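See below for the structure under consideration.
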Amino acid sequence: MSTPSNSDAKGPDHARGASSGGASRPRVSFQAPKGTRDLYPADAAKRRFIMEAWRSASVRFGFEEIDGPTFEHLGLYTVKSGEGIVSELFSFRRSGGEDDYALRPEFTPTLARMYAAMARQLPRPTKWFMAGPFFRAERPQRGRLREFLQWNADFIGLDVPDDASEDARMEARARADAEVISCCIGFLREMGLDASTIRVKVNHRHALSRWLESRSIPASRHTELFTLLDAKGKMKPEEFAQKLSAFGFTTQQAEIFQKGLIRVTIDNPPGAPTDEVLDLTFFSEAVAPLVRALTAAGVLDWIDFDLSIVRGLAYYTGMVFEVHEAGGKERAIAGGGRYDGLVELFGGPPTPAVGFGMGDVVLSLVLEDRGLMPTGTAMLDRTGIRPDCFVISNGTPEAGAQVARVVASLRSAGLHARHSYKATGNIGKLLKDAAACGARLAIIVESDTRATVKNLDSGAQQTDASLASIVESVRAAIR
RNA sequence: GUGGCCAUAGCUCAGUUGGCAGAGCACCGGGUUGUGAUCCCGGUUGUCGCGGGUUCGAGUCCCGUUGGCCACCCCA
């Protein structure tokens, strides 16, 4: 390791090896790439916990699991989002190849591609979910990394015939919208969150569009209004009101947009005569079926209707929503909406669809902050990796000789059995080892035929158990 | 892409005007009490993120670079 450096002869470009081997080597970084995570056992358990909960909620709500490639042709993403998206992607070309690829930054294009390819033979509606890694070339900060997990659930097509009336289709869209939102809420509820800590903010693009149309404001300016509403929080109220006046809204009306929230119940729909400042008739008509469907699903108490939620994406065509921690300090936990034109854009038949995505980064922050991320044996239980038993010797040679045999027979029987790798015969230290790994039972081998079975949760112990029937004893004790 | 702060043992951190690389916890071994604790003794752990520069001498000062945290931007 004391080889003299020959960097003088190699020049500065070769003097940067992280290795101390002496000979020049390519520069190697021993740090993980920016915005990625190394998952040690406790971290991997958290990931598994979240992934399993996502899967469980999806299955419970009748979604089927799919997945696609983690990289796609670069063009798949520029079709929807334009060339500007490229700087946000990890894109690459294989050495010697001619095609450009990109690590997937989102799932919707893959979903639309997969659906379009099979549309003729898929049931209506089709309900799909997936959860997996995604990649975005953004600068990391709180709640945002370059590699993260995302859960997607999508409801594609409607549960009515193609020739159904527009009213029937509107009701069907609202049912689908509500089912997707309910699935998201069902997961959050399972995590221990509730309507006082989490708010689901919902808006409907038809409401604003029809309001603008009624004022003869051309469609070309609708996007401009969406952008302005999206930027609401980043400007002073006076500036916001002044810009809003360009769309015919008064200062008083701007205050309603400023506050955003419209709390709605089934008995108190928006557009009631009490709303004198801003005529909410269009909003009311747009969301009334959705309010009914959310009520039927039992989740209306989680919902705030919020006129300022627009989502950045141009492709949303109806309901849009975001899920926020009630304190409003974190980034959005989840977001989604209706995108009725997207499947067609990817070569499929005209197909209404609604879905959402939820990342693991903000979710984890919220769960950790509220003490809802399991730790210790609770996490081992939730992820199914808690040891059933920990086999130790009482320190005598004849007992010590039996440990490996006992462990092997327990493992052959399908039990999760561990033992100590320590040299000590100190029973107190070995029990500490057993408790540290979260084992339910400790088996203290006492001789070449007998053992003590100790329940590490209760402290109760059964003495003089037979080694010959140890598997049955363990099964009985952990039942 | 822009800006601020930061990087020393496995973890949390100290390290004075530049002068021998440190503490607690953790971990490992031994001892005591046949039971997870307490206690006692001993021990391991360092490319001071990386690469240059200044200097007799750099963890410390300077430059660059990588990574982290935070804000802006963006947010599928």
Side-chain angles (χ1 to χ4, degrees), chain A residues 1-2 5 7-8 10-22 27-38 40 42 76-82 84-85 87-89 102 104-112 134-146 148 150 152 227 230-231 234 310-316 320 322 331-332 334-337 339 342 355-359 361-362 390 392-396 399 420-439 441-442 444 446 452-461 463:
Chain A
M1 298 302 278
S2 58
S5 166
S7 59
D8 288 351
K10 297 285 188 179
D13 285 346
H14 295 273
R16 313 174 77 160
S19 162
S20 57
R27 188 170 65 156
V28 176
S29 172
F30 294 110
Q31 296 172 312
K34 180 190 298 191
T36 63
R37 292 172 287 190
D38 290 332
Y40 292 94
L76 188 73
Y77 300 114
T78 55
V79 161
K80 188 188 82 172
S81 307
I85 197 70
S87 67
E88 305 291 328
L89 302 178
R104 63 183 181 192
E106 59 165 324
F107 194 66
T108 307
T110 299
L111 177 93
F134 291 85
F135 310 86
R136 296 178 189 174
E138 296 179 286
R139 188 101 175 243
Q141 59 181 274
R142 183 174 176 83
R144 191 172 80 182
L145 294 171
R146 289 183 157 194
F148 53 95
Q150 192 178 84
N152 290 268
T227 304
D230 202 27
K234 294 164 188 167
V310 292
R311 305 291 296 158
L313 277 298
Y315 64 74
Y316 285 121
V320 291
E322 287 181 2
R331 314 170 75 83
Y339 50 96
L342 208 59
F356 72 90
M358 178 187 294
V361 183
V362 177
F390 193 95
I392 65 181
S393 159
N394 72 345
T396 61
S420 180
Y421 293 93
K422 286 196 169 100
T424 183
N426 182 324
I427 291 181
K429 288 187 179 176
L430 293 171
L431 282 171
K432 186 180 176 184
D433 248 20
C437 75
L441 304 176
I444 306 169
E446 304 287 4
T452 300
V453 177
K454 180 183 177 85
N455 184 316
L456 290 169
D457 288 334
S458 68
Q461 49 185 48
T463 56

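Below, read A as the first sequence line, B as the second, and so on, with proteins coming before strands; counting in each chain starts at 1. FYI, side chains are in, hydrogens and waters are out, and symmetry mates aren't considered; it's all heavy atoms of this structure. Source: prediction; values computed, not measured.
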Result of checking A:Arg144, A:Arg146, A:Lys34 against A:Glu138 for salt bridge (charged side-chain N to carboxylate O under 4.0 Å, His left out):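 Filter result, single survivor: A:Arg144.
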For the residue pair [X] and [Y], establish whether any side-chain heavy-atom pair is separated by less than 4.5 Å.
X	Y	result
A:Arg37	A:Val361	yes
A:Thr108	A:Leu342	yes
A:Phe134	A:Leu145	no

Along RNA chain B (nearest heavy atom to each residue), the more 5'-positioned of A:Gly35 and A:Gln141: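 Its nucleotide being nearer the 5' end, the pick is A:Gly35.
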Atom [atom1], compared across [N] and [M]: separation rounded to whole Å:
N	M	atom1	answer
B:A26	B:C39	P	10 Å
B:G64	B:C6	P	16 Å
B:U45	B:G29	C1'	14 Å
B:G19	B:U44	P	26 Å
B:A23	B:G18	C1'	23 Å
B:G49	B:G57	C1'	23 Å
B:U17	B:C13	C1'	23 Å
B:G15	B:C61	P	12 Å

Between atom [atom1] of [X] and atom [atom2] of [Y], what is the distance when rounded to the nearest 0.5 Å?
X	Y	atom1	atom2	value
A:Tyr339	A:Leu111	OH	CG	4.5 Å
A:Ile444	A:Leu431	CD1	CG	5.0 Å
A:Arg136	A:Glu106	CZ	CD	6.5 Å
A:Ser393	A:Ile427	OG	CD1	7.5 Å
A:Glu322	A:Phe356	CD	CZ	13.5 Å
A:Lys454	A:Leu441	NZ	CG	11.0 Å

Watson-Crick or G-U stems of RNA chain B, 3 or more pairs, under 3.5 Å, by first number: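 RNA chain B forms these stems: B:1-7 with B:66-72, B:10-13 with B:22-25, B:27-31 with B:39-43, B:49-53 with B:61-65.
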Selected nucleotide, minimal atom distance to A:Arg331 side chain, candidates B:C70, B:G68, B:C75: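 Nucleotide nearest to A:Arg331's side chain: B:C75.
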Take the protein atom [atom1] of [X] and the nucleotide atom [atom2] of [N], then report the distance between them rounded to whole Å.
X	N	atom1	atom2	answer
A:Glu138	B:C70	CD	P	14 Å
A:Lys34	B:U65	NZ	C1'	11 Å
A:Leu430	B:C28	CG	P	11 Å
A:Arg146	B:C74	CZ	C1'	13 Å

Protein proximity profile, nucleotides 30-41 of chain B - base contact B, sugar-phosphate-only contact S, no contact -, cut-off 4.0 Å on heavy atoms: BBBBBBBS----
Reading 5' to 3' through nucleotides 3-9 of chain B, protein heavy-atom contacts under 4.0 Å coded B for base, S for sugar-phosphate only, - for none: B------
Considering all heavy atoms, the nearest A:Leu430-A:Phe390 contact: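 Smallest heavy-atom distance, with atoms named: O-CE2, 3.9 Å.
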Considering all heavy atoms, the nearest A:Phe148-A:Pro105 contact: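 Closest approach of A:Phe148 to A:Pro105: CZ-O, 4.3 Å.
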Side-chain donor/acceptor of A:Arg144 to base of B:C75, under 3.5 Å: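 Answer no: no donor N or O sits under 3.5 Å from an acceptor.
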